[in-house]
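Quick notes on the structure that follows.
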Amino acid sequence: MHKVYHRIERIAGSVITVKADGVAYQELAQVTSPQGVSLARVIRIDKEMVDLQVFAGARGITTDSQVRFIGKPMEIPFSDSLLGRVFTGSGIPRDNGPLIEENPIQIGGPSVNPAKRIIPRNMVRTGIPMIDVFNTLVVSQKLPIFSIAGEPYNQLLARIALQAEVDVIVLGGMGLKHDDYLYLRDFLEQNGALSRSVMFVHTASDPIVECLLVPDAALAVAEQFAIKGKNVLVLLTDMTNFADAMKEIAITMEQIPSNRGYPGDLYSQLASRYEKAVDFDTAGSITILAVTTMPGDDVTHPVPDNTGYITEGQFYLRKGRIEPFGSLSRLKQQVNGSTRSDHRTIMNTMIQLYASFKETIEKQSMGFRMSTWDQKLLRYGVRFEKEMMDLSVNIPLEKALDLGWIILSDCFEPEETGIPSKMINEYWPKKG
Amino acid sequence: MASIGKITGVNGNLIRVAFVGAVAQNEVAYAKLPSGIKLKSEVIRIRGDYAELQVFEDTTGLKAGDDVEFTGELLSVELGPGLLGQVFDGLQNPLPRLAEECGFFLQRGKYLNALERDQKWAFTPVAKVGDKLTAGETLGTVPEGIFKHRIMVPFKVRKTVTVEKIMPAGDYTVEDVIAILKDADGNTVEAKIMQIWPVKIPIKQYSERMRPSEPMVTQQRIIDTFFPVARGGTYCIPGPFGAGKTVLQQLTSRYADVDIVILAACGERAGEVVETLREFPELNDPRTGKSLMERTLIICNTSSMPVAAREASVYTGVTLAEYYRQMGLNVLLLADSTSRWAQALREMSGRLEEIPGEEAFPAYLESVIASFYERGGVVRLKDGSIGSVTIGGSVSPAGGNFEEPVTQATLKVVGAFHGLSRERSDQRRFPAINPMDSWSKYEGIINEQKVQEARHILAMGIDVNQMMKVVGEEGTSMEDFITYLKSEYLDSVYLQQDAYHDIDAACSADRQQYLFDKVYEILKTAMTFKEKENARGFFLKLTQITKDWNRVEFKSKEFKELEEQIFKSVAEVATNA
């Protein structure tokens with residue numbers, strides 16, 4: 001019943017153009033060429049000319065390749081049997097497992113009615129003091145990890161995935177190195193977390209169009225789990241690759257670029273993905289952590305810049321540590337008042353003292369003489385970096401707060417910390 | 001009479017339609033999906049026998065050959081009692097009622113009436129049979145919450161009309177006819193409680209527009225004292241991400257001295273709207289004691305909602321603001337953020353393949369922004385009462401760089417500029433308005449000359465601080481050092497405010513005047529210190545007490561005690577002349 005077209009008018013990048021009628025916007029088509037069969041998606045209709053984005057790329061497509069329209073938009077299957085599986089962006093298994101076809105759901109669906117959202121109020125425990133104590137991750141938050149190439153951001157994601165108290169983990173990999181993909185998969189598998197995870201992976205060598213599908217597929221699945229009442233953590237790495245894929249497609253489509261070659265709708269495109277983070281009024285939630293590598297460590301680059309306007313704070317991963325300055329969880333105020341009464345005190349005091357330590361380091365490097373106070377700060381700074389900031393530290397929030405008091409009491413006298421005396425009486429470790 | 005057409009092209013949310021008959025620019029049309037769902041769209045360009053339409057919804061599934069119905073009407077909003085306290089999307093669909101019907105997600109093609117059709121309003125006639133009236137003059141009133149909502153001669157009436165018939169006092173729905181009006185040519189107009197008005201056309205049914213002269217107190221010291229905003233004025237808040245634009249707007253919406261606040265959340269995070277949505281009904285308006293929601297109206301088109309409706313949302317906001325202005329009320333419209341709206345324009349312009357201007361923004365960006373801000377203003381209505389629309393727009397410049405087109409185009413047309421700086425927000429100085437770069441053309445609540453002197457001290461303090469970074473503290477003269485400390489003092493006790501503190505979050509005009517005089521007196525006091533260390537110590541202590549002073553009830557016993565303490569310590573270091 002579906003018409004088959006045999007004449008391709010134009011091929012540019014991964015976009016092909018056919019003359020066809022009765023084709024719907026965003027409809028899928030099957031393109032059969034000597035290279036094999038691939039799906040394609042309608043991205044522009046102009047009279048009878050139809051532009052299609054070929055998921056496998058247009059390489060090797062001949063002018064007489066066969067195009068068959070399927071009559072429905074992009075969908076992926078959804079069921080509990082997705083758990084433990086790895087797919088490509090278009091929903092094809094990558095793990096030699098069986099193809100799943102049940103219960104297809106539309107990807108990139110409509111946005112949530114703001115009237116159905118609630119103010120977030122639960123923290124996500126990660127066991128990483130730099131997050132739990134200083135910039136608490138909150139259920140339904142969307143947070144990017146700003147980093148640069150070479151930093152262990154995937155290791156950080158893997159650890160958070162493992163330790164976060166959530167029901168389902170959905171991992172979306174875009175432009176991943178194959179090694180990184182294997183690392184993430186094996187890490188989750190070895191630690192027994194794969195059975196509650198779904199992975200959508202696009203590696204650097206896969207066709208660029210599939211990269212665009214990964215976040216939509218991952219978030220559509222996450223949304224379904226959330227509606228069923230699950231708390232879902234979505235990990236995306238790396239959103240800069242996603243933006244670059246969009247740039248590539250936009251340029252081949254001869255769109256007018258806005259900033260550094262990126263399309264004018266970069267903000268809206270990123271926002272429509274990040275805004276899927278939600279805490280439903282009467283169901284589950286979606287929390288999004290996304291790696292954004294900053295080309296040249298430049299936060300004003302269009303991708304991190306637009307991301308910053310969309311997300312609720314950011315983590316800076318530099319030199320293998322989460323920077324305490326610059327990193328910010330905008331939602332932490334919603335939860336850190338109700339964890340333990342000393343949470344905010346420890347958070348503020350330790351950061352202020354660490355800032356003073358940084359100043360002292362600067363003074364030291366300029367050759368100034370170190371006072372007793374400076375010596376104390378130096379001792380404190382080293383311990384703070386080693387026992388709190390190091391990413392290998394893995395302790396629950398309460399332990400981390402206790403540890404904070406121990407470090408403070410080892411390095412300072414109570415009155416030097418500026419902590420209100422009520423707190424000191426309650427928490428300052430007694431010597432002896 | 002309305003035309004029909006057929007789709008010939010689809011490109012994102014832009015469709016091209018071949019039509020027969022007449023089509024108007026900015027006319028609303030509906031594109032029909034094969035499933036029968038109708039998608040609202042607006043004509044944005046006409047060329048020969050085809051028109052280009054922006055669709056306010058996701059266009060997935062539209063085909064070449066699908067039908068399009070033109071309505072013959074421009075994009076309009078419903079005006080009438082029952083708007084306040086509501087939460088609308090950019091096209092004036094009430095979101096809570098949509099949620100009741102459609103559940104968690106926004107379904108495309110679902111449009112609801114903005115005003116409840118079956119709710120009754122207690123109408124009291126004001127006009128009498130035989131009265132000669134023009135558009136915008138009052139026919140009667142209905143109570144809406146704390147306001148007397150005027151029911152007016154429909155704005156679209158062009159000539160003087162005579163009241164033929166007016167309904168007696170009683171309960172009516174918004175669709176009931178409450179008066180029959182007749183013009184000199186014998187044409188009759190039925191006036192209902194509600195009326196319809198196109199969003200892109202300003203409501204101009206007033207007798208004259210005046211210069212904004214009365215300050216709108218926001219209770220933020222740095223704004224009211226240094227960069228005041230007048231009622232009916234316009235201002236913009238550009239700032240990089242995380243500099244506190246939204247917090248500042250939220251505080252303004254709470255404390256600003258106006259009757260009605262309209263929040264247009266345009267392309268920003270849904271989470272922020274949710275906070276307002278869930279918190280405002282709980283909070284009390286300090287002016288009336290009633291829930292804040294009773295004087296607030298939220299238009300919310302968050303970043304993931306359809307892009308084309310973003311543009312509509314700012315116009316919807318300003319039209320509703322103008323409507324309440326027509327009742328002699330002071331309305332504040334806060335748009336967050338106008339950059340997202342400009343980006344929506346850019347996306348459409350790109351799809352239309354227009355020749356791009358700077359950073360691919362369309363060449364008409366400036367005039368569009370200018371005509372939007374020009375809809376703010378103070379007016380004298382036909383009955384002599386005064387109403388105003390104040391517009392505050394936040395701007396999100398790419399990379400935090402104010403040289404970009406949207407910020408620059410906005411600066412040309414606004415009366416005050418509150419530039420937020422990354423540096424100040426990193427130092428946790430709230431509000432992070434840069435006191436050196438910002439400006440205002442309006443008159444404030446404090447003597448202009450004194451404010452200038454205070455700014456001068458701030459500027460000198462910054463210079464000294466720069467110099468100290470090079471020559472060190474040792475190379476700085478005592479006099480300069482004291483100037484620096486004074487400027488820091490002014491900054492921390494006056495410019496900064498604790499947004500989370502019950503008392504310090506809002507500082508009334510009286511208190512600002514009082515506090516400013518006292519701080520000014522301290523700034524003007526010549527002081528002598530032996531060592532720089534003593535000077536620093538003194539100011540640290542003074543800052544601490546003054547901050548405590550800001551945190552106690554105005555004119556309370558504690559307040560007086562702290563004041564005495566401050567001036568006692570100042571007297572100790574003052575130079576004996």
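Not measured: the values here are computed from a predicted model. Lettering follows sequence order; numbering is per chain, from 1.
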Contact class of E223(A) relative to chain B, heavy atoms under 4.5 angstrom: side chain

Set of residues satisfying salt bridge (charged side-chain N to carboxylate O under 4.0 Å, His left out) with respect to E358(B), sequence neighbours excluded: none

Would you please go through residues 92-100 of chain B and name the residues with a non-hydrogen atom below 4.5 Å from one of chain A, in numerical order? L95(B), P96(B), L98(B), A99(B)

Any chance you could lay out the side-chain hydrogen bond (donor to acceptor under 3.5 Å, both in side chains) test for E275(B) and Q334(A), step after step, and finish with the verdict? CA-CA 11 Å; E275(B) 268 177 44; Q334(A) 312 271 17; 3.3 Å; yes

Taking the six-membered ring for Trp, are F146(A) and H301(A) ring centroids under 6.0 Å apart? no

What residues, two or more places apart in sequence or in another chain, satisfy salt bridge (charged side-chain N to carboxylate O under 4.0 Å, His left out) together with E57(B)? none

Per-residue tally against chain B (heavy atom, under 4.5 Å) across Q269(A), E275(A), Q26(A) peaks at E275(A)

Look at Q255(A), R117(A), E312(A) and state which one has the largest set of heavy-atom pairs under 4.5 Å with chain B. R117(A)

Please examine the side chains of R41(A) and E27(A), heavy atoms only from C-beta on, and report whether any two atoms are closer than 4.5 Å. no

If you tally heavy-atom pairs under 4.5 Å between each of P306(B), A344(B), P240(B) and chain A, the highest tally belongs to P240(B)

Give, as side chain, backbone, both or neither, the part of P73(A) having an atom under 4.5 angstrom from any heavy atom of chain B. side chain

Highest number of heavy-atom pairs under 4.5 Å with chain A: which of M305(B), R16(B), R269(B), E272(B)? R269(B)

For residues T17(A) and D51(A), is any side-chain donor paired with an opposing acceptor at under 3.5 Å? yes

Quick one: what part of R330(A) sits under 4.5 Å from any heavy atom of chain B, side chain, backbone, both or neither? side chain

Pick whichever of L14(B), L33(B), T8(B), V10(B) has the most heavy-atom pairs under 4.5 Å with chain A. V10(B)

Do Q249(B) and E268(B) meet the criterion of a side-chain donor-acceptor pair at a distance under 3.5 Å? no

Part of R108(B) within contact of chain A (heavy atom distance under 4.5 Å): neither

With a 4.5 angstrom heavy-atom cut-off, which part of P263(A) approaches chain B: side chain, backbone, both or neither? neither

Would you tell me whether D336(B) and T246(B) have side-chain atoms, one donor and one acceptor, within less than 3.5 Å of each other? yes

Option that, when pairs with chain A are counted at under 4.5 Å, heavy atom only, ranks first among S303(B), A360(B), S349(B), G350(B): S303(B)

I'd like to know if the side chain of Q141(A) reaches the main chain of V138(A), judged simply by a donor and an acceptor atom lying under 3.5 Å from each other, with no hydrogens or angles considered. yes

With a 4.5 angstrom heavy-atom cut-off, which part of V23(A) approaches chain B: side chain, backbone, both or neither? backbone

Whether the T349(A) and Q352(A) side chains hold a donor-acceptor pair (N or O, under 3.5 Å, no angle test) is what I'd like checked. no

Judged by modelled atom types alone, do D21(A) and Y5(A) share a side-chain donor-acceptor pair under 3.5 Å? yes

Top contributor to chain B interface from I256(A), T311(A), N259(A) [non-hydrogen pairs under 4.5 Å]: T311(A)

Find the one option among G61(B), A18(B), A64(B) whose heavy-atom pairs under 4.5 Å with chain A are most numerous. G61(B)

Examine the side chains of S140(A) and S285(A) and answer whether a donor and an acceptor come within less than 3.5 Å of each other. no

For residues S268(A) and R310(B), is any side-chain donor paired with an opposing acceptor at under 3.5 Å? yes

Heavy-atom cut-off 4.5 Å, strictly under: side chain, backbone, both or neither for E347(B) against chain A? side chain

Can you tell me which of D279(A), D46(A), I119(A) forms the most heavy-atom pairs within a distance under 4.5 Å of chain B? I119(A)

Quick one: of T300(A), I43(A), V278(A), who has the most non-hydrogen atom pairs under 4.5 Å with chain B? T300(A)

Against chain A, label V274(B) side chain, backbone, both or neither, depending on which of its atoms sit under 4.5 Å from a heavy atom there. both

Without hydrogens or angle criteria, can the side chains of R351(B) and N13(B) be said to hold a donor-acceptor pair below 3.5 Å? yes

Answer key: most heavy-atom pairs under 4.5 Å with chain B among G313(A), S272(A), G109(A), P110(A) is P110(A)

Given heavy-atom pairs under 4.5 angstrom as the criterion, report whether the side chain, backbone, both or neither of P257(A) touches chain B. backbone

Please look at Q107(B) and chain A and tell me whether the side chain, the backbone, both or neither of the residue comes under 4.5 angstrom of a heavy atom of that chain. neither

List the residues meeting salt bridge (charged side-chain N to carboxylate O under 4.0 Å, His left out) with K63(B), not counting sequence neighbours, and say none if there are none. none

Could you check whether Q250(B) and E279(B), counting side-chain N and O atoms only, form a donor-acceptor pair closer than 3.5 Å? no

